[in-house]
Undergrad: 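So that we are looking at the same thing, I have put the structure below in structure tokens.
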Amino acid sequence: MHNPYSFKNRGKHLFQNLLFQLSLTLLNLVFLGLQLQWIAWLNQHHLGLLHWMDWPYWVKLVLGVILYDLSTYWIHRASHQFPLLWKFHRVHHSDTHMDSSTTFRFHPLEIILVYQTGNVLTAALFGTDMTSLSLYYLILYVFFFLEHSNLNYPNWLNHTFGLVLVMPDHHRVHHHKDQRYTDSNFADIFILWDGIFRTFKWVTVKKEDLGLEEFDFENKQSFLFLMKSPFLSLNQDESKMKNKDLPQED
Ligand SMILES: [Zn+2]
Ligand SMILES: [Zn+2]
């Protein structure tokens with residue numbers, strides 16, 4: 001019997017998710033440099049709100065991290081709202097066996113075309129710099145590894161740090177198959193954004209609740225299928241077909 005939680009299948013799962021990181025790294029040999037050049041140009045020309053403020057650098061650094069997280073919240077929320085963006089973003093949500101390696105499962109074109117462009121626009125608007133962007137990504141990756149982990153952690157953290165920061169239980173709600181929960185808890189570091197903009201939801205999530213109905217087939221969990229999935233039309237009818245034991249599509 002297929003057990004997705006066995007060590008062998010976890011290894012295969014990790015390998016598939018690492019292929020996303022590998023493809024992003026290859027594309028970033030070109031695109032990361034472009035993004036940083038744009039931000040450097042904006043900074044050199046003193047464009048953006050923070051350049052008008054006579055504040056100590058460390059304040060601007062902390063604000064930079066907060067502002068990158070705020071704009072990522074809105075980009076993420078838009079990725080759930082607009083069908084074209086969702087076609088790419090659903091690759092991240094497709095993982096029915098979420099663990100820390102889901103951190104890597106993003107369509108590389110989403111990261112480059114949507115998030116990297118968003119970072120440049122954030123720098124143009126707020127005057128945030130590359131150091132705060134690097135610090136933001138450093139913190140973001142630590143949060144992502146924890147948020148997607150399949151480990152249990154003490155519940156008191158939800159009622160203390162979880163009032164301000166994103167906890168794994170918050171992000172598991174975001175990975176719930178039920179669209180009412182998928183479209184909530186968009187924040188990456190500060191859960192405050194979901195509280196302020198009224199997108200916070202709370203529900204107990206079981207392992208079998210994770211993923212998306214339309215990807216709940218073993219052949220739709222492979223790297224190659226997921227890479228081409230934004231260009232395919234998939235809908236939730238396929239999962240209904242599965243429930244009725246009708247033949248599955250390739
Ligand atoms: Zn999402
Ligand atoms: Zn996630």
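Both counts, for ligands and for their atoms, begin at 1 and track the order of listing. In what follows, every heavy atom counts, from backbone to side chain, and hydrogens, waters and symmetry copies are set aside. These numbers come from a predicted model, not from an experiment.
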Undergrad: State whether the side chain of Arg90 and the backbone N or O of Ser229 hold a donor-acceptor pair below 3.5 Å, judged by distance alone.
TA: yes
Undergrad: Do the two ring centres, one from Phe20 and one from Phe106, sit under 6.0 Å apart?
TA: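 Centroid distance Phe20-Phe106: not below 6.0 Å, so no.
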Undergrad: Where the Zn ion (ligand 1) is the corner point, what angle links NE2 of His89 with NE2 of His80, to 10°?
TA: 90°
Undergrad: Answer with yes or no after comparing the ring centroid distance for His148 and His92 against a 6.0 Å cut-off, counting only values under it.
TA: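 Yes, ring centres under 6.0 Å apart.
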Undergrad: Please confirm whether Lys60 makes a cation-pi placement over Tyr57, using NZ or CZ under 6.0 Å from the six-membered ring centre and within 45° of the ring normal.
TA: no
Undergrad: Compute the centroid of each ring, for His80 and then for His93, and state whether the two points are separated by less than 6.0 Å.
TA: yes
Undergrad: Counting no waters, what protein N/O/S atoms lie under 2.8 Å from the Zn ion (ligand 2)?
TA: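 Per the 2.8 Å query on the Zn ion (ligand 2), atoms found are His92 NE2, His148 NE2, His171 NE2, His175 NE2.
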Undergrad: Do the two ring centres, one from Trp74 and one from Phe186, sit under 6.0 Å apart?
TA: no
